[in-house]
2 protein chains.
Amino acid sequence: MNDDLTARARIRDAAIKLFTERGIEGASIRDIATEAGVSSGLIRHHFGSKEALREACDNYARDRMFQLSRELIDEQGLENVSIATVQPVSFPLQTYLVRSMMDGSETAAALFQQTVEYGEEWAKTHGVVTDDFRAWSAVITVMKLGVFVLRDQLEQSLDIDISTADGYARLTRAFVDIFSQPLLTPEQAANLRKDPS
Amino acid sequence: MNDDLTARARIRDAAIKLFTERGIEGASIRDIATEAGVSSGLIRHHFGSKEALREACDNYARDRMFQLSRELIDEQGLENVSIATVQPVSFPLQTYLVRSMMDGSETAAALFQQTVEYGEEWAKTHGVVTDDFRAWSAVITVMKLGVFVLRDQLEQSLDIDISTADGYARLTRAFVDIFSQPLLTPEQAANLRKDPS
DNA sequence: GACTTGACTACACGGTCGTGTAGCTGTCTA
DNA sequence: TAGACAGCTACACGACCGTGTAGTCAAGTC
């Protein structure tokens, strides 16, 4: 159980794990303490309160994710990263952040807004056709995050583990199929734009 | 506060509202009772337990949603419904069901699997190009539901209320823009299919 | 008018929650 | 070697949770 990590790090990892699995309210301090192999008092000693523990997890997940994607850019160059945001290594962190956001995290909410703004600029400079770049990016972002929120359902439906290379590859291929062909004909699109019933 | 409804119906509506807003664990029997204007004991009298109340809400939301979409098909014909699944009137029910699914509802999970299967058949008969219809449908479904789960973030990002006609129309237009143009060139798609890094 | 029944309330129960507090360790330092 | 001080535990606290129980009240039945 990662005995080489400090107790503080083990608490943080256990909290991220249980917060992700059960939500913030669903995971108790005592459960997290047991998972980390420490007493519940130690959590209070290190983090002060449950809310402060959550914020520490938020900030850690955000910073670690930034660090990982920076490393990825250094390795692969900027252009391949947009799709590769969904990558196995940062998957647990992303999943945690989305869950935390749903449970009211301001850190995660700020990250969401930032992602939308980035996507908006990307769309403008990459030839996306729309007269509402903001809505385009927001909807794309929300759809992308849906994979994290509904990971359990997705895995059950496809009988895979997304965190494995095979599962992740299958997911990527589905994304590619979806985003490399239009689902609506120009006529259908024009009709829907006029009368969105 | 809908005084014309029976107490049982008011409890159910209040439960759906609070379960949606706070999650199943986050909404207490006492809160629901206060919201419905009854005593907490009455909830037990009518539904037996919190879990049974949740199942009653699940079944009600599912049946009501089916009923609404059947009415929509009768009005508009079958073909326009696939996109119109995202419609203002069934929005709260969908949002509730997705939230309940995330909190472990079997009824909602079954509905999800059913939706994936339906989407799979739709893709096969509507010229979608993929060699994995199942994954295609599952990912599309998950992305579609992302709108419900992350509704709060979406509304904050766009400064709209999705339940209004204007907000819903803006959302629909973004969907149309996204699904009427390919985001990847055939070359990019081929590359990603070979090496999903 | 006596009886039954279902809607409904008031209140008490054990359990779990986040938090508070007191005290025990080992290590470092003056 | 005495003292300071993190790291850490044990335990008690008030609050709130889902649930259980007893009882009130009005409407319907015979």
Could you tell me if the side chain of B/Ile29 sits less than 4.5 Å from the side chain of B/Arg44, heavy atoms only?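 SC-SC contact between B/Arg44 and B/Ile29 ruled out.
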Can the ring centres of A/Phe148 and A/Tyr96 be said to be less than 6.0 Å apart?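 No, ring centres 6.0 Å or more apart.
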Spacing between [X] atom [atom1] and [N] atom [atom2], to the nearest angstrom:
X       : N      : atom1 : atom2 : answer
B/Phe47 : C/dC8  : CZ    : P     : 11 Å
B/Arg8  : C/dG6  : CZ    : P     : 14 Å
A/Asp31 : C/dT19 : CG    : P     : 15 Å
A/Glu25 : C/dT16 : CD    : P     : 18 Å
A/Arg10 : D/dC8  : CZ    : C1'   : 11 Å
B/Lys50 : C/dT16 : NZ    : C1'   : 13 Å
A/Ile43 : C/dC17 : CD1   : P     : 12 Å
B/Arg44 : C/dA10 : CZ    : P     : 17 Å

Given C/dG18, D/dT9, D/dT19, which nucleotide is nearest the side-chain atoms of A/Ile29?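 So the side chain of A/Ile29 is nearest to C/dG18.
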Is the distance from OP1 or OP2 of [N] to the nearest side-chain N or O of [X] less than 4.0 Å?
X       : N      : answer
A/Ser28 : C/dT16 : no
A/His46 : D/dC8  : yes
B/His45 : C/dC8  : no

Salt bridge flag under 4.0 Å for residues B/Arg99 and B/Asp103: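 Here B/Arg99 pairs with B/Asp103 in a salt bridge, since their nearest N and O are under 4.0 Å apart.
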Hey, is A/Arg170 close enough to A/Asp161 for a salt bridge, meaning N to O under 4.0 Å?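 Judged by the 4.0 Å cut-off on N to carboxylate O distance, A/Arg170 and A/Asp161 do not form a salt bridge.
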Scan A/Ala27 against the nucleic acid and name what it touches under 4.0 Å (heavy atoms): base, sugar-phosphate only, or nothing.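 The residue A/Ala27 makes sugar-phosphate contact but no base contact.
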Which part of the nucleic acid does A/Arg30 contact within heavy-atom distance under 4.0 Å: base, sugar-phosphate only, or nothing?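 It contacts base atoms.
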Specify the residue among A/Gly48 and B/Ser39 whose closest nucleotide of DNA chain C lies further upstream toward the 5′ end.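 First, find each residue's nearest nucleotide; the 5'-ward one identifies B/Ser39.
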Distance to the ring centre below 6.0 angstrom and angle to the axis at most 45 degrees; does that hold for A/Arg8 and A/Phe47?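 The answer is yes; both the distance and angle limits are met.
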